[in-house]
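Just so you know, these numbers use all the heavy atoms, side chains as well, and skip hydrogens, waters and symmetry mates. Lettering follows sequence order; numbering is per chain, from 1.
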Amino acid sequence: MDRFVVKRSAEEPEGDGKRPRLEEAAGGLPHPSQPSQEIRAQGLSLEYRLLFGRAEADEIFQQLEKEVEYFEGEQTKLHVFGKWHNIPRKQVTYGDPELTYTYSGVTFSPKPWIPVLNHIRDRLVLETGHTFNFVVINRYKDGEDHIGEHRDDEKELVPRSPIASVTFGACRDFVFRHCDSRGKNATRHIKPIRLQLAHGSLLMMKYPTNVYWYHSLPIRRRVLAPRINLTFRKMMVVDKKVR
DNA sequence: CATCAAACAGTAGA
DNA sequence: ATCTACTGTTTGAT
């Protein structure tokens, strides 16, 4: 791994701006309890660290397995290239009640917050100084479950707000690819960036990562255990359009 | 109107 | 013999 810069920064209060954010002014500076790795490439800005120790992560994982209720029925299907597919994972959204979230033409309403999710969310505020009002939970039952390349570029996201990706359970490869180096007509040759996301880890995806970089969780047949990933976001309240 | 897809299937190469 | 990475899909939504 020599094509991107990894910097150690245990104490750095904020990565991308000179001025403190409003949230920090309100809630105090973040207090990271673990050293973080900064991962940078052109247009990519990530911060990776462990958020929970082994014992606490184990406990949260079990709680998630017991208490999270995933979408069923229509909400587990996706229409792509003229065909309907069952998504190769389980998925659900939780969040503040007035929010909605749309992808691939389907609008989701979040389920109301539950204690285990608030526990994780509180820790994120404490450690990063950012607040979140919405979370997408994906459960990959084993290495066959996966998600294809995409960007988190939904309209409802607060512009430039970071996305916090928290992982529990099996460690899986996670791949970033630059939009200009995908497919046959690639205009540039930017090598993909591969990360491994460990049990209890946090990956902060900061602006402008999602403008230029696609990410995916590819199939890994040797992985037999489940992984639960939670992506916490900050969404805007959008008036529902009446047509 | 042009773009392009949170899916899979097929295939080549490791 | 697997497994992985890359290409194409071909149609409806934005």
Side-chain angles (χ1 to χ4, degrees), chain A residues 1 3 44 46 68 70-95 99-111 134-157 159 161-167 170-197 203 205 208-233 235-236 238-243:
Chain A
M1 297 289 128
R3 53 202 178 283
L44 177 134
L46 308 173
V68 171
Y70 294 90
F71 286 144
E72 297 176 345
E74 285 306 301
Q75 288 177 307
T76 65
K77 296 180 193 308
L78 204 56
H79 198 218
V80 179
F81 276 90
K83 287 180 190 161
W84 285 96
H85 302 280
N86 292 317
I87 59 171
R89 61 189 172 277
K90 283 185 176 177
Q91 191 170 65
V92 69
T93 59
Y94 285 76
L99 299 170
T100 61
Y101 172 76
T102 303
Y103 82 71
S104 278
V106 184
T107 298
F108 294 83
S109 284
K111 300 190 179 196
F134 195 88
V135 62
V136 179
I137 306 177
N138 282 295
R139 182 182 188 275
Y140 306 89
K141 68 176 189 307
D142 57 29
E144 296 273 357
D145 274 2
H146 62 281
I147 191 165
E149 279 192 353
H150 67 282
R151 290 180 290 189
D152 294 318
D153 56 357
E154 294 76 28
K155 264 189 156 180
E156 298 96 322
L157 285 172
S161 63
I163 294 175
S165 170
V166 186
T167 292
C171 184
R172 290 282 294 267
D173 289 346
F174 194 67
V175 182
F176 285 88
R177 289 174 67 198
H178 194 281
C179 58
D180 291 343
S181 60
R182 302 166 71 239
K184 211 178 179 180
N185 310 322
T187 57
R188 305 166 76 184
H189 302 280
I190 301 171
K191 287 182 181 154
I193 289 176
R194 295 183 172 81
L195 304 176
Q196 292 199 317
L197 304 182
L203 180 70
M205 294 186 269
T209 303
N210 272 123
V211 178
Y212 302 108
W213 292 77
Y214 285 71
H215 57 266
S216 66
L217 189 85
I219 291 174
R220 289 293 178 264
R221 300 196 198 281
R222 282 169 292 231
V223 176
L224 305 175
R227 168 178 187 261
I228 299 174
N229 178 72
L230 306 92
T231 50
F232 287 84
R233 297 136 193 267
M235 311 277 275
M236 298 181 290
V238 182
D239 288 333
K240 289 170 193 168
K241 277 192 180 164
V242 183
R243 321 220 134 147

(message) Give the residues of residues 139-153 of chain A touching DNA chain C, defined as any heavy atom closer than 4.0 Å, sorted by residue number.
(response)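 Going residue by residue through residues 139-153 of chain A, none turns out to have a heavy atom under 4.0 Å of DNA chain C.
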(request) Can you sort out which residues in residues 217-225 of chain A have a heavy atom within less than 4.0 Å of DNA chain C? Ascending by number, please. (result)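 Ile219(A), Arg220(A), Arg221(A), Arg222(A), in order of number.
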(request) Would you give the length of the straight line joining atom CG of Asp145(A) to atom CD of Gln91(A), rounded to the nearest 0.5 angstrom? (result) 11.5 Å
(request) Check the angle between the aromatic planes of Trp213(A) and His178(A) and answer parallel, tilted or perpendicular using the 30° and 60° thresholds. (result) perpendicular
Take the protein atom [atom1] of [X] and the nucleotide atom [atom2] of [N], then report the distance between them rounded to whole Å.
X         : N       : atom1 : atom2 : answer
Asn86(A)  : dA9(B)  : CG    : P     : 12 Å
His85(A)  : dA9(B)  : NE2   : P     : 8 Å
Phe81(A)  : dA5(B)  : CZ    : P     : 8 Å
Asp180(A) : dC4(B)  : CG    : P     : 11 Å
His215(A) : dA6(B)  : NE2   : P     : 11 Å
Asp173(A) : dC3(C)  : CG    : P     : 15 Å
Lys83(A)  : dT11(C) : NZ    : C1'   : 11 Å
Trp84(A)  : dG12(C) : CH2   : P     : 11 Å

(request) Can you tell me, in whole Å, how much space there is between the C1' of dT7(C) and that of dC4(B)? (result) 15 Å
(request) Compute whether any side-chain donor of one residue and acceptor of the other, for Ser161(A) and Arg233(A), lie under 3.5 angstrom apart. (result) no
(request) Identify which nucleotide among dG12(C), dC6(C), dA6(B) has an atom closest to any side-chain atom of His79(A), counting heavy atoms from C-beta outward. (result)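 The nucleotide sitting nearest to the side chain is dG12(C).
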(message) What verdict does the side-chain contact (heavy atoms from CB on, under 4.5 Å) test give for Val68(A) and Tyr94(A), after you've listed the backbone C-alpha separation in whole Å, the side-chain angles of each residue and the deciding distance to 0.1 Å?
(response) CA-CA 9 Å; Val68(A) 171; Tyr94(A) 285 76; 4.1 Å; yes
(request) Please map the stems of DNA chain C, keeping only stretches of three or more Watson-Crick or G-U wobble pairs with both distances under 3.5 angstrom. (result) B:2-5 with C:11-14, B:7-14 with C:2-9
(message) For the OH atom on Tyr212(A), are there more than 12 heavy atoms of other groups (residues, nucleotides or ligands in this structure) within a distance under 6.0 Å?
(response) no
(message) Tell me the closest heavy-atom pair linking Ile163(A) and Asp152(A), and the distance in Å.
(response) CD1-CB, 3.5 Å
(request) Might you point out which heavy atoms bring Asp142(A) and Leu224(A) nearest each other, and give the distance in Å? (result) CB-O, 3.7 Å
(message) If the test is side-chain contact (heavy atoms from CB on, under 4.5 Å), which one of Met205(A), Arg194(A), Glu149(A) qualifies with Phe176(A)?
(response)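 Exactly one pass, corresponding to Met205(A).
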Determine yes or no for a side-chain-to-main-chain donor-acceptor pair under 3.5 angstrom, with [X] supplying the side chain and [Y] the backbone.
X         : Y         : result
Arg151(A) : Val211(A) : yes
Arg227(A) : Asn138(A) : no
Arg89(A)  : His146(A) : yes

(message) For dA5(B) and Tyr214(A) - does any side-chain N or O of the residue sit under 4.0 Å from the phosphate oxygens OP1/OP2?
(response) yes
